[in-house]
Amino acid sequence: MCGRASLGAVLVLGVQLRALWLTAAVEVYTSKEVVAVNGTNQRLKCTFSSSSPVSPQLSVTWNFQPEDLSAHEPVFYYLKEPYQPPWGRFKERVTWDGNVQQNDVSIMLWNLQPTDNGTFTCQVANWPDVYGTIGEVRLRVVQKVSFSEIHFLAVAIGSACVLMIIVVIIVILCRQRRQKAREKREEAASTEL
């Protein structure tokens, strides 16, 4: 009887330890969408958090899924040092722009083209945290920057500030004019007496 209870306790403990192991995972953070102008360079930011300190065995894998959903393509790999792809559309167009000690595993894409539209994935394994989320960044390469909500907001705030300055100037000028008119009336009244 005592053997069965011990076996049950060991099994329960094993299940709990397995659950704790699975929760110790790498969390990856990226921008959800990036818009860049054709022919420019763009940094794809990817950071991570891990329950373990940065391991010498830390690895980073960047992949690309074109918009037409054709096969995934390797973009970049990091294991102790950065490795650029030996072939493919990103050969000689991608560089390491991260710092693993600061949990930054970002890359820089050079000379963006419309064919670069698609989804980039960033996956980090930091032993013993080998499982975790995969960061995704959707890249849209446009011919020119469109008038976004941020631009509209900047124009609206700027216009409101200019309007306020004009109103303040008008109020100050009106007060000065009234003051001068009052001084003239007082001067004319004192000369009459």
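Being a predicted model, the structure only gives us computed values, none of them experimental.
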task: Could you walk me through whether D129 and S51 pass side-chain hydrogen bond (donor to acceptor under 3.5 Å, both in side chains), step by step?
output: CA-CA 7 Å; D129 296 345; S51 61; 2.8 Å; yes
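- If you take OG on S159 and CE on M164, they are separated by 13.5 Å, rounding to the nearest 0.5 Å.
- Looking at V105 and V100, their side chains come closer than 4.5 Å, going by heavy atoms from C-beta outward.
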- request: Decide side-chain contact (heavy atoms from CB on, under 4.5 Å) for T47 and T30; before the verdict, give the C-alpha distance in whole Å, the side-chain angles of both, and the deciding distance to 0.1 Å.
  value: CA-CA 7 Å; T47 58; T30 58; over 6 Å; no
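- The hydrophobic clustering, which links ILVMFWY residues whose side-chain heavy atoms are closer than 4.5 Å, places L173 and I165 together.
- The other residues sharing a hydrophobic cluster with I170 are V162, I166, where clustering joins ILVMFWY side chains under 4.5 Å apart.
- For the pair Y29 and S49, the minimum side-chain heavy-atom distance is below 4.5 Å.
- Side-chain contact between L109 and F120 is present, with heavy atoms from C-beta onward closer than 4.5 Å.
- When every heavy atom of Q57 is checked against every heavy atom of L79, the shortest pair comes out as O-CD1, 3.6 Å.
- Enclosure of atom CD in E81 by more than 12 non-hydrogen atoms of other residues, nucleotides or ligands within 6.0 angstrom is indicated.
- Between the NZ atom of K45 and the OG atom of S106 there is a distance of 6.5 Å, given to the nearest 0.5 Å.
- P74 places a side-chain heavy atom less than 4.5 Å from the side chain of W87.
- Looking only at side-chain heavy atoms (C-beta outward), R93 and D116 come within less than 4.5 Å of each other.
- Note: F76 and W96 have parallel aromatic rings, judged against thresholds of 30 and 60 degrees for the angle between ring planes.
- Atoms CG and CD, on N117 and Q65 in that order, are 13.0 Å from each other to the nearest 0.5 Å.
- From W110, atom CH2 reaches atom CG of N41 across 5.0 Å, with rounding to the nearest 0.5 Å.
- In this structure a side-chain-to-backbone donor-acceptor pair under 3.5 Å is missing from N38 to V142.
- Residues R89 and T115 have side chains in contact (heavy-atom distance under 4.5 Å, counting atoms from C-beta outward).
- Using a 4.0 Å cut-off between a side-chain N of Lys or Arg and a carboxylate O of Asp or Glu, E183 and R178 do not qualify as a salt bridge.
- Side-chain heavy atoms closer than 4.5 Å link hydrophobic residues (I, L, V, M, F, W, Y) into clusters, and following such links, possibly through other members, connects V137 to Y78.
- For S31 (side chain) and E33 (main-chain N/O), no donor-acceptor pair under 3.5 Å exists by modelled atom type.
- Cluster annotation: V60 is connected to V54 through the hydrophobic network of ILVMFWY side chains, with a link wherever side-chain heavy atoms come within less than 4.5 Å.
- Taking both residues in full, the closest heavy atoms of L58 and V124 are given as CD1-CG1, 4.0 Å, listed atom of the first, atom of the second, then distance.
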Step-by-step side-chain contact (heavy atoms from CB on, under 4.5 Å) determination, C46 to W62: CA-CA 10 Å; C46 180; W62 279 90; 3.4 Å; yes
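- Within a 6.0 Å radius of CD in Q179, other residues, nucleotides and ligands contribute more than 12 heavy atoms.
- In Q102, the CD atom is not crowded: 12 or fewer heavy atoms of neighbouring residues, nucleotides or ligands sit closer than 6.0 Å.
- Summarising the geometry, atom CZ belonging to F90 is positioned 6.5 Å from atom CD belonging to E73; distances are rounded to the nearest 0.5 Å.
- Under a hydrophobic clustering in which Ile, Leu, Val, Met, Phe, Trp and Tyr are joined whenever their side-chain heavy atoms come within less than 4.5 Å, directly or via other members, F64 and Y77 fall into different clusters.
- Note that the OG atom of S50 and the CG atom of N103 stand 8.0 Å from one another [nearest 0.5 Å].
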task: Show your working on salt bridge (Lys or Arg N to Asp or Glu O under 4.0 Å) between R138 and E67 and close with a plain yes or no.
output: CA-CA 9 Å; R138 183 172 181 270; E67 282 188 332; 3.1 Å; yes
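- At a threshold of 4.5 Å between non-hydrogen side-chain atoms, the residues Q143 and P114 count as touching.
- With no hydrogens or angles considered, a side-chain donor-acceptor pair links N111 and Q113 at under 3.5 Å.
- At a cut-off of 3.5 Å, with distance as the only test, no side-chain donor of S52 or N126 sits close to an acceptor on the other residue.
- Judged by distance alone, the side chain of Q84 and the main-chain N or O of V94 form a donor-acceptor pair under 3.5 Å.
- For the pair V75/P85, no side-chain contact is recorded, criterion being any heavy-atom separation below 4.5 Å from C-beta on.
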